[in-house]
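Below is one structure, written out as structure tokens; the observations come after it.
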Amino acid sequence: MGISGLLPALKAVQEKVHVSAYSGTRVAVDAYVWLHRGVLGCATDLALGRDTKRYVNYCMELVGMLRHHGVKPVLIFDGGHLPAKASTEQERYDKRQKSLKEGLALHKAGREREAAKKFQTAIDVTPVMARDLILELKKMNVEYVVAPYEADAQMAYLARAGQVSAVITEDSDLLVYQCPRVLYKMDRYGDGYQVLYDNIARVQQPMDLSHLSPKAFRYMCILSGCDYAASIYSMGLKRAYKYAIAHETPEAIVRAAERDGMVVPSGYLQTFHLANHTFLYQRVWDPKEGQLTSVESPIPLDISTQPYIGALMDAEQARGVVEGRVDPMTLQPFPTALVPTWPRVGLSVVATSREKKAIGALVKLESEDGSMDENKEGAKEKKKGGVGSSTPDRRGFGSYA
DNA sequence: AGCTGAGACTCAT
DNA sequence: CTAGTCTCAGCT
Ligand SMILES: [Mn+2]
């Protein structure tokens, strides 16, 4: 769900940018966004169980567009799920099932227009579709990473570490993760709206963000409601802003909100801290070093054992997840790494919650190295002694060589 | 008057 | 695994 109302509030610092501005660099792409759009183009076929790979074609056309402009796309897929986000999964699944039933009924009645509309909301991206795309990425030698947990955090990490120069997504959470450069609303020609994290302080309208520290900005976003912490009733972005500039600590904010008559649920403070830590320390994969790390390092000792930032796993386990050999949920190796045991293509239109948990676990991935530093300014000096080029086991972004 | 929350719509073709 | 945008009713 991201941060409701954040992107409209940042309108003043959204600059129209074409991807050719990123020419010569790697750019991380939220694979789910492309898959979802691609699926819309063949929703009826999928709902009726017809075999189609049009969503792959759609994604590959965008890959081609980026390459045409000299940009190296790195597609990022979701891996395991965090416990905090599990709650709404079932109700979303139920909603889609309902739409599917209604769509099929309309289809049988010959009311195709109405049926097609229902199918659009019934269709979801399944792990099989992600696998199909990954297989094609392999074929076309396109880099990708399967995040150990959330793609959001993984993409933000890569950008923060300079391993990609920008992130292409629709999700406002990237800015809470302090991603330095995000391109939103990119169309098929490569035009989009760029937001630089450092430009957020230039926003004057509809609220003045100039004296908001990164911490206060993050507090504002969490307070207004985020994936990991539902908001206090009647607390939207504007009110959250007021509390975030008026008070230093979450404790002081909650005290003030209660004094103002807001009903703060018991346990809210704890949830707030959980969300805060997740935005700061969620575990991600470092393709350059070939190890598990976190959005920000180091993780304070008392937080490092908390499950909500993603469970710790040893390097080989993590590599297995990232390369698709290991189930991100169970951490057990897939018996047949190359062949998905479920579901068969065309068997189901909507992913079950079980199926959804293994997008990253369907295909064996290989690794490829390459120059990692995507800051244009520093690209040349980096070419000489880049870690990637000197690493014998060819660690780096996953791709099929 | 300003803000929140909820529901419908968009995306793709 | 949507997330975002838009609109509007209801509340303070
Ligand atoms: Mn998100």
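Every chain is numbered from 1, with letters handed out A, B, ... down the list of sequences. Not measured: the values here are computed from a predicted model. Hydrogens, waters and symmetry mates play no part in the numbers below; they use all other heavy atoms, side chains included.
Ion pair A:E114/A:K117 not flagged as a salt bridge, since none of the NZ, NE, NH1 or NH2 atoms sits closer than 4.0 Å to an Asp/Glu carboxylate oxygen. The pair A:R160-A:E296 meets the salt-bridge criterion, since a charged nitrogen lies less than 4.0 angstrom from a carboxylate oxygen. Taking the charged nitrogens against the carboxylate oxygens, A:K72 and A:E143 have no contact shorter than 4.0 Å, which rules out a salt bridge.
A donor-acceptor contact shorter than 3.5 Å is absent between the side chain of A:E102 and the backbone of A:K118. A:D171 places no side-chain N or O within 3.5 Å of a backbone atom of A:L174 that could act as its donor or acceptor partner.
In this structure, A:Q154 and A:Q282 have side chains that are not in contact, with every pair of non-hydrogen atoms separated by 4.5 Å or more.
Aromatic ring orientation, A:F279 versus A:Y177: perpendicular (interplanar angle above 60°, classes split at 30° and 60°).
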Classify every nucleotide of nucleotides 4-12 of chain C by which part a protein heavy atom approaches to under 4.0 Å, writing B for the base, S for the sugar-phosphate alone and - for neither, in 5'-to-3' order.
SS-------
For each nucleotide in nucleotides 5-13 of chain B, reading 5' to 3', give B when a protein heavy atom comes within less than 4.0 Å of its base, S when such contact involves only the sugar-phosphate, and - otherwise.
S-----BBS
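No more than 12 heavy atoms of other residues, nucleotides or ligands shown are found within 6.0 angstrom of CZ on A:R202.
With rounding to whole Å, A:Y241 atom OH is found 16 Å from B:dG2 atom P.
If you check B:dA12 for Watson-Crick or wobble pairing at under 3.5 angstrom, you find it has no partner at all.
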